[in-house]
Asker: 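This is the structure I have questions about; it appears just below.
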Protein chains: 2
Amino acid sequence: MDETDELLSIRAAELYYEENKTQDEIGQALRLTRWKVGRLLAQAKQRGFIRIEILHPRARRLPLERRLRDERRLSDAIVVSTAGVRSAEELQERTAQAAADYLTALRPVPRTLGVSWGRTLFEISQRLRNGWATGVNVVQINGGVSLNRRAGTAAATAVSIAQKGGGSATLLPSPAILERLATKEAIESDRVVAGVIELARSADAYLFSAGAADHNSVHVESGYLSTADVDVLVQKGAVGDVVGRYIDSDGNIVDPALDARTVGLTLDELRSAPLAIAVIAGTSKHPVADAVVRSGLCSVLVTDEATALHLLDG
Amino acid sequence: MDETDELLSIRAAELYYEENKTQDEIGQALRLTRWKVGRLLAQAKQRGFIRIEILHPRARRLPLERRLRDERRLSDAIVVSTAGVRSAEELQERTAQAAADYLTALRPVPRTLGVSWGRTLFEISQRLRNGWATGVNVVQINGGVSLNRRAGTAAATAVSIAQKGGGSATLLPSPAILERLATKEAIESDRVVAGVIELARSADAYLFSAGAADHNSVHVESGYLSTADVDVLVQKGAVGDVVGRYIDSDGNIVDPALDARTVGLTLDELRSAPLAIAVIAGTSKHPVADAVVRSGLCSVLVTDEATALHLLDG
DNA sequence: TCACTGCCTGCTCATATGAGCAGGATTCCC
DNA sequence: GGGAATCCTGCTCATATGAGCAGGCAGTGA
């Protein structure tokens with residue numbers, strides 16, 4: 001394509017997209033046949049001179065979803081648009097909304113849904129609509145009796161998802177991380193706790209997020225870990241956590257001793273699940289999102305455009 | 001349009017614009033008739049959910065051009081896109097290129113073209129192609145013997161435009177602004193100078209820019225005015241200058257005494273010209289662009305998208 | 001309750017667009 | 001300079017899309 005044609009294709013695009021002229025009219029204006037105009041427009045598109053963007057909080061990026069499915073071996077992917085996003089919170093909201101939409105549309109409707117907890121999961125629970133499912137039983141898949149004043153967030157999340165789905169919630173009555181291994185083993189051998197974990201293992205589907213390995217982690221906020229603990233984990237290669245378990249960029253457990261004190265489903269149990277939906281958005285979670293996807297921790301990913309691009313090209 | 005339809009219109013837009021599905025296929029996917037899909041797409045467009053942008057340095061904004069013509073009573077307007085512009089320089093370049101393109105396409109080709117001088121005009125002169133016209137005589141319309149080391153810019157501009165247009169240049173051998181009125185009158189009564197001004201008055205078309213009233217002005221750089229002089233002008237309401245004459249936001253001369261010492265065509269002579277092409281771009285020139293257009297100093301405006309929006313909505 | 005108003009739907013028909021093809025121009029390589 | 005390969009053009013034909021219309025439906029006020 002020489003410079004003349006390039007310029008003509010721009011003029012044609014202006015008339016076609018901004019002035020709503022037909023290709024025939026453009027042909028008359030620019031003294032070209034309508035076929036030439038059609039070809040110029042096709043070239044302008046193909047060369048990337050024309051950008052079509054869908055500006056809406058609920059807009060998705062289907063081409064990225066397809067690439068994620070194909071190139072990262074996911075059974076499904078949902079990518080929300082970042083166009084017009086003003087804050088990290090807005091991005092979280094959009095992604096949570098998309099996750100809620102995905103759950104609502106999910107067929108067959110899961111009878112038992114295992115969930116983790118955290119800011120993302122809470123947001124999703126708030127955005128689900130009443131009647132999003134009929135008779136879904138929700139079970140917590142990792143410990144989460146909150147230690148701080150925001151007590152009950154973990155429970156509220158599970159209960160809210162269950163109630164809106166016309167079912168009931170089974171809570172895991174245990175802290176996320178115990179200080180001593182013996183305590184953790186004692187708790188896990190408790191009949192109630194063991195029963196909940198057993199139920200969690202039998203869930204049809206799992207819904208969880210991932211946390212970045214930084215000082216804003218819910219584990220720090222909830223008091224399970226100190227900022228110093230996190231620093232040590234990062235030094236050992238941690239990029240973030242999934243259901244309370246810290247992993248490195250290959251998806252391996254960073255600190256087996258800490259992991260042994262963490263209550264809930266193991267990562268391998270997640271990996272072998274038929275349907276594991278991860279919801280991960282935001283720049284700070286790019287490394288952990290990469291680890292989750294690469295190590296096969298999820299079969300479905302709900303994320304944002306920037307994170308998707310990071311996973312594919314970064 | 002209720003929320004369901006809004007969401008459907010977004011889904012339809014994704015499939016239509018990002019996945020290149022036909023409206024019929026989308027209808028099958030979303031369980032709608034193809035007519036409904038067409039209507040949803042039309043609504044998505046109309047509601048502004050779909051943005052189509054032409055990304056190219058030579059791209060123009062025809063809807064803005066039309067609005068300028070209609071709402072600001074211009075006989076023609078050229079608006080270059082600001083999409084992807086990284087610096088003020090790039091904006092200047094794009095606008096200068098558009099002005100050069102406009103001149104090249106101008107019919108009938110002017111026999112005598114009056115030009116001012118300055119950074120914008122110089123840029124245009126550099127971007128004109130050899131043979132842009134055949135036999136154009138170029139005449140300077142305001143004084144501009146440069147006082148500083150960048151001597152000859154004014155002359156080079158006119159000569160370059162003329163040479164590339166296969167004609168010759170007539171320079172106005174006078175400073176832009178004289179220190180004393182008597183000197184100015186003496187210069188204007190000089191036979192050569194008077195002849196040039198007479199020729200300038202007879203030009204078929206004028207091409208000029210406008211300067212902002214700030215310390216970066218070419219008049220300051222060329223030594224005709226001090227920064228203090230400019231400050232005084234601003235205090236008196238000056239928003240910028242056209243052919244060396246400082247005007248307020250209504251297009252009136254700010255300082256008649258200074259104006260009387262300025263050599264060249266008067267503003268009223270420009271206003272009554274059959275074809276007066278102003279080339280004005282950049283944020284700093286918004287106020288002066290507004291004054292130029294509102295007071296009818298130009299019949300054709302070449303500018304950038306942001307300036308055009310300022311003129312129309314600001 | 002019922003007639004009315006106005007919107008929405010699914011259609012017909014006209015138009016706009018894209019796929020594919022054959023001939024002619026251009027370039028490239030010897 | 002000649003021949004081949006390639007590209008480009010303008011066409012035919014099939015398809016996709018938009019305009020406009022008649023019937024049906026819901027909401028409204030007497």
Side-chain angles (χ1 to χ4, degrees), chain A residues 1-56 58-63 65-67 101 105 129-131, chain B residues 1-56 58-63 65-67 101 105 129-131:
Chain A
M1 200 187 201
D2 61 7
E3 200 194 311
T4 315
D5 268 16
E6 184 168 326
L7 256 178
L8 278 174
S9 76
I10 297 301
R11 295 286 155 260
E14 289 159 359
L15 292 163
Y16 192 71
Y17 291 106
E18 299 192 333
E19 299 284 89
N20 295 313
K21 304 260 190 210
T22 69
Q23 296 184 8
D24 212 353
E25 288 173 308
I26 297 168
Q28 290 179 308
L30 303 181
R31 305 176 170 275
L32 303 166
T33 62
R34 68 186 185 79
W35 297 285
K36 176 76 177 171
V37 174
R39 280 188 254 262
L40 286 172
L41 287 171
Q43 278 172 95
K45 249 189 198 165
Q46 186 242 316
R47 298 262 229 110
F49 296 159
I50 293 161
R51 177 156 79 202
I52 300 183
E53 244 183 336
I54 302 173
L55 294 165
H56 195 280
R58 305 284 274 267
R60 281 161 49 189
R61 289 286 109 106
L62 305 187
E65 296 182 358
R66 184 212 303 279
R67 286 187 61 199
D101 291 347
R129 305 206 312 192
N130 269 317
Chain B
M1 201 187 200
D2 61 7
E3 200 194 313
T4 315
D5 268 15
E6 183 167 326
L7 256 178
L8 278 174
S9 76
I10 297 301
R11 296 287 155 260
E14 288 159 1
L15 292 163
Y16 193 71
Y17 291 107
E18 299 191 334
E19 300 284 88
N20 295 314
K21 305 260 191 211
T22 69
Q23 296 185 8
D24 212 353
E25 287 173 309
I26 296 168
Q28 288 179 309
L30 303 181
R31 305 177 170 275
L32 303 165
T33 61
R34 69 184 184 80
W35 297 285
K36 177 75 176 171
V37 174
R39 280 188 253 261
L40 285 172
L41 287 172
Q43 277 172 95
K45 249 189 197 165
Q46 186 241 315
R47 299 261 229 109
F49 296 158
I50 294 161
R51 178 157 78 202
I52 301 182
E53 244 184 336
I54 302 173
L55 294 164
H56 194 281
R58 305 283 274 265
R60 281 161 47 188
R61 288 286 109 104
L62 305 187
E65 296 181 358
R66 185 212 303 281
R67 287 187 61 199
D101 291 347
R129 307 204 312 191
N130 269 318

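A note on names: the letters A, B, ... follow the listed sequences, proteins ahead of strands, and every chain is numbered from 1.
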Asker: Rounded to the nearest 0.5 Å, how far apart are CD of B:Glu53 and CD of A:Glu18?
Answerer: 9.0 Å

Asker: Decide yes or no for A:Ile54 and A:Arg61: does some side-chain heavy atom of the first lie under 4.5 Å from some side-chain heavy atom of the second?
Answerer: yes

Asker: Answer yes or no: is there a side-chain heavy-atom contact under 4.5 Å between B:Leu40 and B:Leu32?
Answerer: yes

Asker: Quick check: do B:Arg60 and A:Arg11 have side-chain heavy atoms less than 4.5 Å from each other?
Answerer: yes

Asker: Which residues in residues 19-28 of chain B have at least one heavy atom lying under 4.0 Å from any atom of DNA chain C?
Answerer: none

Asker: Checking B:Glu14 side chain against A:Leu62 main chain: does a donor-acceptor pair fall under 3.5 Å?
Answerer: no

Asker: How long is the span from the CG atom in B:Asn20 to the NZ atom in A:Lys45, to the nearest 0.5 Å?
Answerer: 6.5 Å

Asker: Reading DNA chain C in the 5' to 3' direction, which nucleotide is the first one with an atom under 4.0 Å from a heavy atom of chain B, and which is the last?
Answerer: C:dT9 to C:dT12

Asker: Distance check, rounded to the nearest 0.5 Å: A:Glu6 atom CD versus A:Gln43 atom CD?
Answerer: 10.0 Å

Asker: Does CZ belonging to A:Arg47 count more than 12 external heavy atoms closer than 6.0 Å?
Answerer: yes

Asker: Could you tell me whether B:Arg58 and A:Glu3 have a side-chain N and a carboxylate O separated by less than 4.0 Å?
Answerer: yes

Asker: Enumerate the residues from residues 6-14 of chain A whose closest heavy atom to DNA chain C is under 4.0 Å, giving them by residue number; use none for an empty result.
Answerer: none

Asker: If you count heavy atoms of other groups shown closer than 6.0 angstrom to CZ of A:Arg129, is the number above 12?
Answerer: no

Asker: Return the 5'-most residue of the pair B:Tyr16, B:Arg39 with respect to DNA chain D, ranking by each residue's nearest nucleotide.
Answerer: B:Tyr16

